[in-house]
Amino acid sequence: MWKADWVDPRSTALLVIDVQQGFVNRHSRGVLPAVVRLVEGWRAAGAPVVLSRFHNEPGSPYETITGWTRLRSPEEQALVSELAPYADSAAAIIEKAQASIFTAEGAQVIRDAGWTDLVLCGIDTDACVYDSAMASYQSGYRPWIVVDACASSGGSKYHDAALLLATRNLGAEQLVTSDHVLSQISGTQGAQT
């Protein structure tokens with residue numbers, strides 16, 4: 001059952017996971033308007049926004065185990081142009097060479113801020129978003145995955161698979177829509193998801 005006050009802007013952060021040029025393609029491009037809408041709504045409520053950027057370092061497990069060598073160039077690592085205007089006012093930008101935002105720096109930022117709830121959106125649902133949500137949960141934070149503000153560059157079957165796993169491992173109530181989140185952060189009662 002939803003509580004009308006589940007989002008407290010003082011203790012809840014929006015984590016925008018890896019919305020970078022190198023992850024945007026025909027499968028993931030459509031999610032950009034929902035992500036920007038969330039960021040704008042979050043900022044309007046005076047609540048903290050954290051952005052993350054993934055870097056695939058030479059010799060990483062992504063390269064040595066799976067042979068994946070993308071996200072190396074500055075062009076691929078850059079935030080999408082739609083998010084660039086919000087970078088300077090972000091509570092933090094977490095640079096990471098792993099899927100989860102819970103790097104030493106990321107964990108410290110979250111701990112120091114005293115956030116209890118973390119609302120996640122971004123790319124890829126099946127990798128960095130899911131791994132960040134699970135790390136949030138395992139670290140004692142309450143993760144909320146915004147299903148319509150996440151996408152997988154691998155396509156909808158990977159997005160859907162990650163949401164299925166999140167339903168099982170985090171609980172169906174932790175999957176929300178951007179309309180619901182925005183209605184909560186703005187102080188109005190939204191429709192139940």
Side-chain angles (χ1 to χ4, degrees), residues 2-20 23 31-32 34-55 77-80 82-125 127-150 162 166 169-171 173-190 193:
W2 287 109
K3 295 180 183 177
D5 61 351
W6 74 268
V7 173
D8 181 345
R10 295 164 300 184
S11 63
T12 306
L14 176 65
L15 306 182
V16 181
I17 308 294
D18 305 348
V19 183
Q20 298 167 259
F23 286 125
V31 80
L32 298 180
V35 171
V36 170
R37 187 170 159 249
L38 269 178
V39 170
E40 289 174 346
W42 216 261
R43 285 173 32 98
V49 175
V50 174
L51 305 172
S52 72
R53 280 193 296 232
F54 176 80
H55 305 269
Q77 293 172 0
L79 293 172
V80 296
E82 293 89 340
L83 287 181
Y86 307 106
D88 288 342
S89 62
I93 298 178
I94 307 299
E95 305 289 346
K96 60 191 189 68
Q98 64 183 41
S100 169
I101 197 168
F102 276 80
T103 62
E105 175 196 5
Q108 187 71 45
V109 165
I110 292 166
R111 184 172 42 255
D112 289 351
W115 299 320
T116 58
D117 290 69
L118 304 172
V119 176
L120 296 96
C121 65
I123 307 170
D124 281 322
T125 315
C128 299
V129 174
Y130 178 79
D131 288 356
S132 294
M134 289 306 300
S136 299
Y137 173 80
Q138 292 165 354
S139 298
Y141 302 96
R142 184 173 322 189
W144 303 90
I145 299 175
V146 186
V147 298
D148 59 323
C150 294
N169 295 323
L170 299 174
E173 63 279 358
Q174 300 312 119
L175 278 62
V176 293
T177 65
S178 56
D179 283 344
H180 184 77
V181 170
L182 289 170
S183 72
Q184 295 296 309
I185 197 75
S186 68
T188 60
Q189 175 94 21
T193 58

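Side-chain polar atoms of Arg142 and Ser136 form no donor-acceptor pair below 3.5 angstrom. For the residue pair Tyr137 and Gln174, no side-chain donor N or O sits within less than 3.5 Å of a side-chain acceptor on the partner. Between the side chains of Thr177 and Asp148, no donor N or O sits under 3.5 Å from an acceptor N or O.
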### Message
Is there a side chain to side chain contact (heavy atoms under 4.5 Å, CB included) between Val147 and Val176? Walk through the geometry before answering.
### Response
CA-CA 6 Å; Val147 298; Val176 293; over 6 Å; no
### Task
Assess whether side chain to side chain donor-acceptor pair (under 3.5 Å) is satisfied between Tyr130 and Asn169, documenting all intermediate values.
CA-CA 10 Å; Tyr130 178 79; Asn169 295 323; 2.8 Å; yes
### Task
Let me see the working for Arg53 and Ile93 under side chain to side chain contact (heavy atoms under 4.5 Å, CB included), right down to the final yes or no.
CA-CA 7 Å; Arg53 280 193 296 232; Ile93 298 178; 3.7 Å; yes
### Task
Could you walk me through whether Leu170 and Trp144 pass side chain to side chain contact (heavy atoms under 4.5 Å, CB included), step by step?
CA-CA 9 Å; Leu170 299 174; Trp144 303 90; over 6 Å; no
### Message
Between Leu51 and Leu79, is the side chain to side chain contact (heavy atoms under 4.5 Å, CB included) condition met? List the steps.
### Response
CA-CA 9 Å; Leu51 305 172; Leu79 293 172; 3.8 Å; yes
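Atom CD1 in Ile145 sits 11.5 Å away from atom CG in Leu118 (nearest 0.5 Å). Between the CD atom in Glu95 and the CZ atom in Phe54 there is a gap of 12.0 Å [rounded to 0.5 Å]. Expressed to the nearest 0.5 Å, how far SG of Cys128 lies from CD of Gln98 amounts to 9.0 Å.
The nearest pair of heavy atoms linking Trp115 to Pro48 is NE1-CG, 3.4 Å. Between Ser132 and Ala99 the shortest heavy-atom distance is OG-O, 3.8 Å. Looking at every heavy atom in both residues, Ala47 comes nearest to Thr12 through CB-O, 4.5 Å. Between Thr125 and Cys150, the shortest heavy-atom distance links the atoms OG1-CB, 3.3 Å. The minimum heavy-atom distance between Arg37 and Asp179, with the atom names listed, is NH2-OD1, 2.7 Å. Taking each heavy atom of Asp18 and Phe23 in turn, the nearest pair found is O-CD1, 3.4 Å.
Applying the side chain to side chain contact (heavy atoms under 4.5 Å, CB included) test between Ile94 and each of Leu15, Ile110, Ile17, Ile101 identifies Ile101 as the sole match. Considering Val19, Val36, Val35, Val39 in turn, Val36 is the only one that fulfils the side chain to side chain contact (heavy atoms under 4.5 Å, CB included) rule with Glu82.
Taking the side chain as every heavy atom from C-beta outward, Leu83 and Val16 approach each other to under 4.5 Å. Using a 4.5 Å cut-off on side-chain heavy atoms (C-beta onward), Arg43 and Val49 make contact. A heavy-atom distance below 4.5 Å is not found between the side chains of Ile123 and Val129.
Gln77 contributes no side-chain N or O that, together with a main-chain N or O of His55, makes up a donor-acceptor pair within less than 3.5 Å. With hydrogens and angles ignored, the 3.5 Å screen pairs no side-chain donor or acceptor of Ser139 with any backbone N or O of Tyr141.
Enclosure of atom CZ in Arg111 by more than 12 non-hydrogen atoms of other residues, nucleotides or ligands within 6.0 angstrom is indicated. Within a 6.0 Å sphere centred on CG of Asp88, heavy atoms belonging to other residues, nucleotides or ligands number 12 at most.
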